[in-house]
J.: 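Please find one structure pasted underneath; my questions will follow.
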Amino acid sequence: MEPRSERPPRAPPAPREPAGHGSRMALFAKAAEVLERRAAGGDPLAPFLKGQLYYEEGLYEEALIQFEKIKDTDFQAMYQLGVMHYDGLGTKEDPERGVEYMKKIFYSDSPKARHLKFAAAYNLGRAYYEGCGVKQSTEEAERLWLIAADHGNPKASIKAKSTLGMLYSASDVKDLKKAFFWHSEACGNGNLESQGALGLMYLYGQGVHQNTKAALEYLREAAERGNIYAQGHLVEYYYNRKFYTTAAALAKRVTENDDIKMLAKITDCLPKYIAKGVAMAAFYLARCFQLGRGVQQDQATAKKYYSKACLLDPGVASDLELAANLGKI
């Protein structure tokens with residue numbers, strides 16, 4: 001489930017360099033001490049902020065204890081507990097309990113829960129779509145995501161808008177005009193994944209009239225902001241237009257980092273599309289090395305990048321290999 005900021009759940013932070021460790025721990029201890037004093041002084045926000053401080057540091061067990069103390073009077077704490085139980089952060093995975101907390105928020109009449117309803121609806125939609133904690137139902141997921149998106153309301157769930165764009169692009173519920181609408185709404189609110197999706201829809205004329213100029217504008221801006229899937233498609237675009245040097249240079253940059261989980265955390269894009277983007281770049285870079293296009297011919301390096309593409313996404317590699325065998329690339 002998505003936490004308060006609608007980003008994927010944070011993994012425990014990686015070990016930091018010793019030089020900065022002491023100062024970071026000192027800052028954390030000072031912040032915790034300040035919040036403890038504020039809580040003792042009756043500040044109603046302090047208990048939640050203390051739990052959130054632990055949460056942001058990846059100290060999930062401590063965060064869980066803090067949120068449990070105030071869940072009956074603080075909807076924000078209840079929301080975080082829903083996230084943590086659903087995803088198993090600081091406790092054993094218990095999706096049914098996570099769903100229960102989200103439903104309490106979603107169906108609450110309290111004004112204090114109002115600002116969380118869009119996010120709760122998004123998370124409930126995710127639970128129904130995955131069939132985790134509830135019986136699987138794409139129809140119920142769609143209904144909840146539409147509520148969460150609130151017909152483009154900029155204060156609603158941006159994640160729900162982007163997810164609806166993805167849903168309406170799927171083969172079983174395909175409606176590309178709706179997909180284009182929701183990706184446009186999400187992109188207008190800053191969603192990086194939808195920005196790349198719009199570029200591809202313009203490039204291939206899906207749900208909108210084909211417009212290469214608009215496609216490249218969306219893809220290039222999304223790529224500059226870190227959308228790996230957009231970067232992979234730009235590599236393909238440059239390669240197919242025989243801009244081999246440009247294609248190879250971009251592909252090298254894309255394939256330098258294949259830590260999919262880390263990239264997903266940084267960009268808030270779906271891991272499977274990140275993997276597809278890196279796989280595309282790796283395959284086209286392998287093709288460049290194999291044929292000496294834009295780079296010095298090097299069969300050993302070509303083989304290395306072909307292997308990388310296969311490992312990252314066998315489906316993408318297989319499709320591109322077929323195209324290569326047919327002489328299309």
J.: Within this structure, what is the OG-CD1 distance for the pair S157 and I147, rounded to the nearest 0.5 Å?
T.: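 With rounding to 0.5 Å, OG (S157) is 12.0 Å from CD1 (I147).
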
J.: Once you round to the nearest 0.5 Å, how far does CG of L144 lie from CE of M102?
T.: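 Here the rounded value is 12.5 Å.
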
J.: Donor-acceptor check, side chain of Q136 to backbone of Y129, threshold 3.5 angstrom: yes or no?
T.: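 Yes.
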
J.: Between the side chain of T255 and the main-chain N/O of K252, is any donor-acceptor distance below 3.5 Å?
T.: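 Side chain of T255 to backbone of K252, a donor-acceptor pair under 3.5 Å: yes, one is there.
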
J.: With a 4.5 Å heavy-atom cut-off, do Y79 and V83 have their side chains touching?
T.: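 Touching, per the 4.5 Å side-chain cut-off.
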
J.: According to a hydrophobic-cluster definition based on side-chain heavy atoms being under 4.5 Å apart (Ile, Leu, Val, Met, Phe, Trp, Tyr only), do I70 and L53 belong together?
T.: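 Cluster IDs for I70 and L53 match.
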
J.: In terms of heavy-atom contacts, does CD of E61 have more than 12 from other residues, nucleotides or ligands at under 6.0 Å?
T.: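 At most 12 heavy atoms, drawn from other residues, nucleotides or ligands, come within 6.0 Å of this atom.
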
J.: Keeping the roles fixed (side chain from K308, backbone from A286), state whether a donor-acceptor pair exists under 3.5 Å.
T.: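 No, because the side chain of K308 does not come within donor-acceptor range (under 3.5 Å) of the backbone of A286.
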
J.: Run the salt-bridge test on R97 and E68 with the 4.0 Å N-O cut-off and return the result as yes or no.
T.: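 Looking at E68 together with R97, the answer is yes, because their closest N to O distance falls below 4.0 Å.
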
J.: What closest approach, in Å, do A275 and I260 show between heavy atoms, and which atom pair accounts for it?
T.: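 The pair with the smallest heavy-atom distance is CA-CD1, 3.9 Å.
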
J.: Could you check whether atom CG of D109 has more than 12 heavy atoms from other residues, nucleotides or ligands sitting under 6.0 Å from it?
T.: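 Atom CG in D109 is not packed in, count stays at 12 or less.
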
J.: Output yes when a side-chain donor or acceptor of N189 lies under 3.5 Å from a complementary backbone atom of E185, and no otherwise.
T.: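 Answer holds: yes.
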
J.: Do E236 and L320 pass the side chain to side chain contact (heavy atoms under 4.5 Å, CB included) test, and can you show the C-alpha distance, the side-chain angles, and the key distance before you say yes or no?
T.: CA-CA 10 Å; E236 181 175 64; L320 291 175; 4.0 Å; yes

J.: Checking R293 side chain against R287 main chain: does a donor-acceptor pair fall under 3.5 Å?
T.: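 No, because the side chain of R293 does not come within donor-acceptor range (under 3.5 Å) of the backbone of R287.
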
J.: Locate the shortest heavy-atom distance separating S194 from C187; write the atom from each residue and the value.
T.: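 Closest approach of S194 to C187, heavy atoms only: CB-N, 3.9 Å.
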
J.: Under 4.5 Å between side-chain heavy atoms, hopping through other hydrophobics if needed: is there a path connecting V278 to L285?
T.: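 Different hydrophobic clusters.
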
J.: Can you name the closest pair of heavy atoms from Q66 and P47 and give their distance?
T.: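 Residues Q66 and P47, closest heavy atoms: OE1-O, 4.1 Å.
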
J.: Could you tell me whether a side-chain N or O of N211 sits under 3.5 Å from a main-chain N or O of A214, the two making a donor and an acceptor?
T.: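 Indeed, once roles are kept as given, a pair shorter than 3.5 Å links the two residues.
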
J.: Would you say the ring centroid of Y202 lies under 6.0 angstrom from that of Y218?
T.: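 When the ring centroids of Y202 and Y218 are compared, they turn out to be within the sub-6.0 Å range.
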
J.: With a 4.5 Å cut-off on side-chain heavy-atom distances among I, L, V, M, F, W and Y, is there a chain of contacts connecting L312 to I329?
T.: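 Linked within one cluster.
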
J.: Check whether the ring centres of Y284 and F289 lie less than 6.0 Å apart, and answer yes or no.
T.: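 Ring centres of F289 and Y284 not closer than 6.0 Å.
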
J.: Test the K178-Y168 pair against the cation-pi criterion, namely NZ or CZ under 6.0 angstrom from the six-membered ring centroid and within 45° of the ring axis.
T.: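 Pair K178/Y168 counts as cation-pi.
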
J.: With no hydrogens and no angle check, just 3.5 Å: does a side-chain donor-acceptor pair link Q80 and Y55?
T.: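 There is no such pair (donor and acceptor under 3.5 Å, judged by atom type) between the side chains of Q80 and Y55.
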
J.: Would you sort out whether K159 and D268 count as a salt bridge (Lys or Arg N to Asp or Glu O under 4.0 Å), showing the intermediate values?
T.: CA-CA 10 Å; K159 197 77 171 176; D268 196 18; 3.0 Å; yes

J.: Salt bridge (Lys or Arg N to Asp or Glu O under 4.0 Å) between D87 and R126: does it pass, once the steps are laid out?
T.: CA-CA 12 Å; D87 287 321; R126 174 185 157 186; 3.3 Å; yes

J.: Return the minimal non-hydrogen interatomic distance between S169 and K174, and the atom names on each side.
T.: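 S169 and K174 have their closest heavy atoms at O-CE, 3.5 Å.
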
J.: State the CG-CG distance between L219 and L234, to the nearest 0.5 angstrom.
T.: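 It is 5.0 Å, given to the nearest 0.5 Å.
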
J.: Verify the ring-centre separation between Y229 and H233: is it less than 6.0 angstrom?
T.: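 So the answer is yes for these two rings.
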
J.: Would E193 and K161 pass as an ion pair if we require N to O under 4.0 Å?
T.: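 So E193 does not pair with K161 through a salt bridge.
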
J.: Is a side-chain donor-acceptor pair under 3.5 Å present for Y273 with N227?
T.: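 No, no side-chain donor-acceptor pair sits under 3.5 Å.
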
J.: Using the rule given for side chain to side chain contact (heavy atoms under 4.5 Å, CB included), can you reason through L198 versus S184, listing the C-alpha separation, both sets of side-chain angles and the distance that settles it, and then say yes or no?
T.: CA-CA 7 Å; L198 285 176; S184 297; 3.6 Å; yes

J.: Could you grab the distance from atom OG1 of T163 to atom OH of Y122, nearest 0.5 Å is fine?
T.: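 Interatomic distance, T163 OG1 to Y122 OH, rounded to 0.5 Å: 4.0 Å.
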
J.: Does one side chain, of E100 or Y86, offer a donor that lies under 3.5 Å from an acceptor on the other?
T.: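 No - no donor-acceptor pair under 3.5 Å links their side chains.
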
J.: Please check if L192 and V254 belong to a single hydrophobic cluster, counting links between Ile, Leu, Val, Met, Phe, Trp and Tyr side chain heavy atoms closer than 4.5 Å.
T.: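 Hydrophobic grouping puts L192 apart from V254.
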
J.: Does R24 form a side chain to side chain contact (heavy atoms under 4.5 Å, CB included) with E57? I'd like the steps, not just the answer.
T.: CA-CA 10 Å; R24 182 176 179 82; E57 286 296 313; 2.8 Å; yes

J.: Under a 4.5 Å cut-off applied to non-hydrogen side-chain atoms, are M166 and H183 in contact?
T.: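 Side chain of M166 against side chain of H183, heavy atoms only: contact under 4.5 Å found.
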
J.: Tell me whether W182 shares a hydrophobic cluster with L270, the cluster being built from Ile, Leu, Val, Met, Phe, Trp, Tyr side chains joined at under 4.5 Å.
T.: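 W182 and L270: separate clusters.
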
J.: With rounding to the nearest 0.5 Å, note down the distance linking CG in L64 to CG in L81.
T.: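 Separation between the atoms: 5.5 Å.
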
J.: Passes salt bridge (Lys or Arg N to Asp or Glu O under 4.0 Å), R143 versus E139? Steps please.
T.: CA-CA 6 Å; R143 183 186 79 84; E139 293 77 12; over 6 Å; no

J.: Mark yes or no for whether Q231, through its side chain, and A223, through its backbone, hold a donor-acceptor pair below 3.5 Å.
T.: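 It does hold such a pair.
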
J.: Quick one: does D43's side chain have a donor or acceptor within less than 3.5 Å of a partner on L45's backbone?
T.: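 Yes, because the side chain of D43 sits within donor-acceptor range (under 3.5 Å) of the backbone of L45.
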
J.: Are side-chain heavy atoms of H85 and T91 found at a separation under 4.5 Å?
T.: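 Result yes, sub-4.5 Å side-chain heavy-atom pair found.
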
J.: Of all heavy-atom pairs between W145 and A160, which one has the smallest distance, and what is that distance?
T.: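 Heavy atoms only, the tightest pair is O-CB, 3.7 Å.
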
J.: What verdict does the side chain to side chain contact (heavy atoms under 4.5 Å, CB included) test give for Y54 and I65, after you've listed the backbone C-alpha separation in whole Å, the side-chain angles of each residue and the deciding distance to 0.1 Å?
T.: CA-CA 10 Å; Y54 285 126; I65 293 170; over 6 Å; no

J.: Do T138 and L167 have side-chain heavy atoms sitting under 4.5 Å apart?
T.: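 With C-beta onward as the side chain, the pair touches.
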
J.: Are the side chains of K112 and Q76 in touch, meaning some heavy atoms are under 4.5 Å apart?
T.: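 Contact flag for K112/Q76 side chains = no.
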
J.: Nearest 0.5 Å, please: how far is CD1 in I274 from CE in M262?
T.: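 That separation rounds to 9.5 Å.
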
J.: Quick one: are the ring centres of Y239 and Y244 less than 6.0 Å apart?
T.: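 Here the rings of Y244 and Y239 have centres that are less than 6.0 Å from each other.
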
J.: Does one side chain, of Q299 or T301, offer a donor that lies under 3.5 Å from an acceptor on the other?
T.: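 Short answer, no.
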
J.: Can you give me the closest heavy-atom contact between A186 and S162, atom names plus distance?
T.: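 For A186 versus S162, the nearest heavy atoms are CB-N, 3.6 Å.
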
J.: Taking the side chain as every heavy atom from C-beta outward, state whether Y204 and Q210 have any atom pair closer than 4.5 Å.
T.: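 Counting from C-beta outward, Y204 and Q210 never come under 4.5 Å.
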
J.: Going by atom types alone, do Q290 and Y306 pair a side-chain donor with an acceptor below 3.5 Å?
T.: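 There is such a pair between these side chains.
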
J.: Hey, does the side chain of K117 reach the backbone of F106 with a donor-acceptor pair shorter than 3.5 angstrom?
T.: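 Here the side-chain-to-backbone pair exists.
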
